[in-house]
Structure formats: structure tokens, C-alpha cells
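In this text the structure is predicted, and so the values were computed from the model without any measurement. Residue numbers start at 1 and run along the sequence shown. Just so you know, ligand 1 is whichever comes first in the structure, and atom 1 is the first atom listed for that ligand.
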Amino acid sequence: MITIVVPTYKEAGNITVLVRNVDDVMRAAELAYEMLIVDDNSPDEIIQVVASLQPEFPVRILLPSGRPRDLSLSVIDGIKAADSDRVLVMDADLSHPPQVIPAMVAKLDQDENSFVMGSRYMAGGSFDRDWSLWRFFNSHVATLLASPLTTSSDPMSGFFALNRQFVDVESLRPIGYKIGLELMVRGRFSGVSEVAIQFKDRTVGESKMNFGQQWKYLRHLRRLYLHRFKGWAEFVHYGAVGASGFVVDILFYYLFQYLGLGHQSARALSFWPAVSSNWALNRVTTFGERKRRPRTRQWLEFVGSSMIGFSLNWGIYYWLTSQVAFFDEFRLLALIGGIAGASLFNFAASTLFIYSEKRIG
Ligand code: GDD
Ligand code: MN
């Protein structure tokens with residue numbers, strides 16, 4: 001027995017065809033199932049449509065309330081409310097081909113502990129040709145960003161199957177659409193096994209994907225990186241902020257000269273916008289989950305630590321090139337050594353002191 005969880009929002013026009021198609025496939029494959037539609041109070045007649053299907057098909061509807069409308073939370077509600085431990089999740093808009101469900105179930109039979117993904121991007125899989133270049137690009141960048149977290153070729157897919165015994169449902173904290181990725185990363189699965197799918201664009205209703213969802217995805221990724229890589233994720237994020245500060249530094253260095261300042265004054269001044277932008281970005285992104293301490297004091301501390309960091313950077317370079325012949329020959333390595341030492345110092349000062357306050361939640 002498997003529960004097919006289908007999150008819906010304004011899908012009344014698709015549900016009848018979906019239920020019939022799924023039922024055909026499950027009957028032919030002799031697989032027992034129930035379909036659980038999780039609807040976020042759509043302003044349409046889905047309740048009546050489901051009721052009209054109930055005499056003929058094993059379908060029921062769950063209408064969660066008391067939380068904001070959300071795809072991921074709906075999927076979690078469905079997983080919790082399922083009659084069976086085995087759960088398959090698919091979209092309602094007929095994008096996901098029911099024909100592959102038996103193959104996905106077979107993968108679970110082979111290894112109950114695996115996470116089974118329906119993939120558009122593996123050999124044999126496909127997506128509609130009329131995708132815009134923008135959508136294609138977006139999807140691929142999103143997939144690339146998730147690659148350190150999973151071996152799946154299509155971690156963005158909303159078509160997957162799993163045994164819920166291997167997930168601690170209460171520990172899930174998804175933001176946005178990528179509930180499959182959340183489950184893969186936080187679940188105790190032995191691995192990901194994939195089945196190729198031919199993804200079809202919806203013909204009825206419209207997608208709820210938008211810019212807001214993309215932004216949520218970046219925040220979601222951050223959480224998952226923190227979960228998987230802990231302090232290393234923060235360190236890399238901190239490094240990226242540092243690199244952005246370098247760009248700000250250069251821009252202001254030229255801007256100030258353009259405005260008539262000499263290059264030495266420009267150099268001395270451009271440090272300030274750069275260090276301030278680093279401080280602000282670390283405050284709201286790198287350490288965004290931590291409690292925010294008073295601005296001015298924290299900014300001063302950050303400037304102080306950056307100055308020590310810079311002295312260290314310079315000092316290491318000076319020491320290495322004057323004391324070690326090797327580094328005098330390969331000065332670029334001494335420069336890198338200086339940057340590495342300073343970065344470690346700055347990061348340690350930030351994480352242990354400047355932004356040290358306990359995480360919220
Ligand atoms: N309950 C509930 N609440 N369901 C929702 C909500 C919501 O807030 N928003 C969307 N859904 C349902 C839709 O009704 C549909 O069944 C499914 O979730 C997918 O939503 P679409 O609006 O069709 O999204 P999409 O096609 O852009 O996204 C799909 O493909 C992505 C990869 O390209 C989803 O499968 C995503 O999970 C997937 O990442
Ligand atoms: Mn869709």
C-alpha cells in the first residue's frame with residue numbers, strides 16, 4: 001500500500017483527469033494505494049470534485065487550516081496524515097506522468113531505505129521543449145547550487161517516493177517549494193535512486209512559481225548547507241561576503257578618484273564603505289539567524305577586527321617573504337598565506353565574538 005500525496009491550490013480543473021490516470025496505472029500494475037489531496041483552501045470547487053470521485057476511487061481530501069498557504073507544509077501535512085508509511089508525492093497539474101509510479105514503487109521494493117526521485121535530467125528524462133531560456137537557466141542554476149547537498153540529478157523535482165520511517169517529520173523546516181530537497185537532505189536515506197520522467201507543462205491553471213519562490217529557495221539552501229556543513233558553510237559564506245567587499249573597495253577606490261581625490265586618499269577612504277558593507281551583509285546574511293546586537297558597537301568591533309585582520313594579512317606576507325627564501329621566490333603564495341591567516345582570524349573573531357549571540361530558534 002502506498003499513499004499518493006497531491007498538494008493542490010486551484011487545481012479543480014485537473015484533479016479528475018489526474019485521479020483517473022493514476023487509477024488506471026495502479027490497477028494495471030496491481031498496486032494498492034490511496035490518494036490524499038492536500039488542498040490549501042482553494043477558491044474553487046475542489047471539495048465537490050473530490051466528493052464526486054469518492055464512490056469510484058480511493059481518494060480523500062485534507063484541508064489544513066491555521067497556517068499560511070504553502071506547498072512544502074502541505075506535503076508535510078500529507079506525509080503525516082498518510083495511511084501508509086510509503087508515500088509518493090506528485091503535482092496535480094498533470095506535469096508528472098503517472099505511468100512511472102510502478103517503477104518508482106519498484107525502486108522502493110528494492111531498497112526501502114532509499115529516496116526515489118522522478119528525474120527530468122537523467123538519461124531518458126525530458127522536459128517540454130518550449131521552456132524559455134530563462135526558465136531553463138533558472139532550473140539549472142538552482143540544480144547546480146544544490147549539488148553539494150545531494151547526488152540527485154534533479155533535486156528540484158516535486159515527484160518523489162519515500163518511506164516516512166526514515167524522516168523525522170517534526171525536524172523539517174522547509175521554506176518555499178523544494179520539499180523534495182529538504183527531505184533528501186534531512187532524512188536518513190541510504191541514497192537517491194532515480195526514475196526518468198517526461199515532464200509536461202501544465203495546460204490547465206497556472207504555475208504558482210514566482211520570484212518570491214526563488215528568493216525563498218536561496219534561504220532554504222542556506223539552511224540546508226548549515227545543516228549539512230555546519231561552521232564550514234558559515235565560513236564559505238563569510239568568504240563570499242569578504243570577496244564582495246573587495247569589489248566594493250575597488251569601486252569606491254575609483255569613484256573617489258573620479259570625484260577628484262588623490263589615489264592615496266581614495267585608498268584610505270574606500271576601506272570604509274567596503275568594511276561597512278561586509279559588516280551589514282554578515283549581520284543580515286552570514287549570521288542572519290543570530291540575535292542582532294546594537295549596531296554602532298558591533299560595527300566598531302567589526303572595523304577593529306578588520307584592521308587587526310589586515311595587519312595580520314600584511315604581517316604574514318612581510319614575515320614570510322623576509323624570513324623564508326621559498327616565499328620570497330613565490331610571493332603570490334605569501335600573499336595567499338596572508339589572506340588565509342587574516343580570513344581565519346576575522347572569521348573566528350566574528351563567529352565567536354562580534355556576532356556571537358545565540359541563534360534564535
Ligand atoms: N496545498 C498547496 N499549497 N499546494 C500548492 C501550493 C500551495 O500553496 N502552491 C502550489 N501547489 C501545488 C499546485 O497546485 C501543484 O499541484 C503543485 O503544488 C506544483 O505547483 P505549480 O504551481 O504547478 O509549480 P511548478 O510547476 O512551477 O513547480 C513544480 O515543478 C518544480 C520543478 O520544476 C513543483 O513540482 C515544484 O515542487 C518543483 O520544484
Ligand atoms: Mn506545475
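Using a 4.5 Å cut-off on side-chain heavy atoms (C-beta onward), Tyr238 and Asn346 make contact. Side-chain contact between Met26 and Ile4 is present, with at least one heavy-atom pair separated by less than 4.5 Å. For the pair Arg60/Leu36, a side-chain contact is recorded, criterion being any heavy-atom separation below 4.5 Å from C-beta on.
Remark: the backbone N or O of Gly125 is not paired with any side-chain donor or acceptor of Arg120 at under 3.5 angstrom. For the pair Asp83 (side chain) and Thr3 (backbone), a donor-acceptor distance under 3.5 Å is absent. Distance alone, capped at 3.5 Å, places no donor-acceptor pair between the Asp23 side chain and the Val19 backbone.
If you check the side chains of Ser152 and Asp154, you find no donor sitting under 3.5 Å from an acceptor.
For ligand 1, residues of the protein lying within 4.0 angstrom by heavy-atom distance are Pro7, Thr8, Tyr9, Glu11, Val38, Asp40, Arg69, Asp70, Leu71, Ser74, Asp91, Ala92, Asp93, His96, Arg120, Met156, Gly158, Tyr177, Lys178, Arg202, Ser207, Lys208, Met209.
Of all protein N, O or S atoms, those under 2.8 Å from the Mn ion (ligand 2) number 1.
Using cut-offs of 30° and 60° for the angle between ring planes, the Tyr318 and Trp314 rings count as parallel.
Ring centers of Tyr217 and Tyr177: at least 6.0 Å apart, outside the cut-off.
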